[in-house]
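Small disclaimer: the values here were computed from a predicted structure and weren't measured. First listed ligand is number 1; within each ligand, the first listed atom is number 1.
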Amino acid sequence: MDRKEFLSQVGFGVAALLVPVCIGGVSSCSKESTTTSTPSNVDFTLDVSTGALAANGGYLVSNGVIVARTTSGSFIAVSAACTHEGTNVYYSSSNNNFICPNHGAKFSTTGAVTQGPASKSLTQYKTTLTGTSLRVYS
Ligand code: FES
């Protein structure tokens, strides 16, 4: 087997191994996570003494809801799925807004669209802090 023949066979073998991974699980080939629907009847609690919400500017996604702690220390919560095509938004503490990494839509802290292509607001949820327990609810 000469070098060219070897590389051809090895290259095809590697490609053959990688293709089924992307075909079999589209989400494994996508860098953005998605949530398929806007959660309703939301009511859950989070411990904000540890993890992402322990510091101002942190955020996390739980139960299809993105919960953020602003730089001033208040808690905000909106549906995580971008209303354009469902990619999970992230919280930008420096801009105090939610941004979709897929096509760049932006939402205010109340979920209102501030930049397209999304045209529908994110659903805002209520938050109540009791000690270190944050209740997020509809
Ligand atoms: S999926 Fe969010 S802007 Fe397109």
Would you mind running through ligand 1 and noting each atom that sits below 4.0 Å from a heavy atom of [X]?
| X | result |
| --- | --- |
| Cys82 | 1 (S), 2 (Fe), 3 (S) |
| Asn102 | 1 (S) |
| Pro117 | 3 (S) |
| Glu85 | 1 (S) |

### Message
Can you tell me how far apart OG1 (Thr127) and CG (Leu134) are? Round to the nearest 0.5 Å.
### Response
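With rounding to 0.5 Å, OG1 (Thr127) is 5.5 Å from CG (Leu134).
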
### Query
Going by atom types only, do Thr128 and Tyr137 share a side-chain donor-acceptor pair under 3.5 Å?
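The criterion, which ignores hydrogens and geometry beyond distance, is satisfied for Tyr137 and Thr128.
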
### Query
Do Asn97 and Tyr91 have side-chain N/O donor and acceptor atoms under 3.5 Å apart?
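No, Tyr91 and Asn97 have no side-chain donor paired with an acceptor closer than 3.5 Å.
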
### Message
Below a 4.0 angstrom heavy-atom separation, can you tell me which part of Ala105, side chain or backbone, both or neither, approaches ligand 1?
### Response
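It is both backbone and side chain that touch ligand 1.
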
### Query
Can you tell which part of Ala118 has a heavy atom less than 4.0 Å from ligand 1: side chain, backbone, both or neither?
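None of Ala118 does.
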
### Message
Quick one, Leu46 with Val67, criterion side chain to side chain contact (heavy atoms under 4.5 Å, CB included). Give me CA distance, side-chain angles, the key distance, then yes/no.
### Response
CA-CA 9 Å; Leu46 298 168; Val67 183; 4.0 Å; yes

### Query
Taking all atoms of both residues into account, what is the closest heavy-atom pair of Val89 and Leu122, and its distance?
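Minimum heavy-atom separation between Val89 and Leu122: CG2-CD1, 4.2 Å.
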
### Where atom 4 (Fe) of ligand 1 is the vertex, angle from His84 ND1 to His103 ND1 to 10°
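Vertex atom 4 (Fe) of ligand 1, arms to ND1 of His103 and ND1 of His84: 90°.
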
### Message
Parallel, tilted or perpendicular, judged at 30° and 60°: which one describes the rings of His103 and His84?
### Response
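Answer is perpendicular, since the angle exceeds 60°.
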
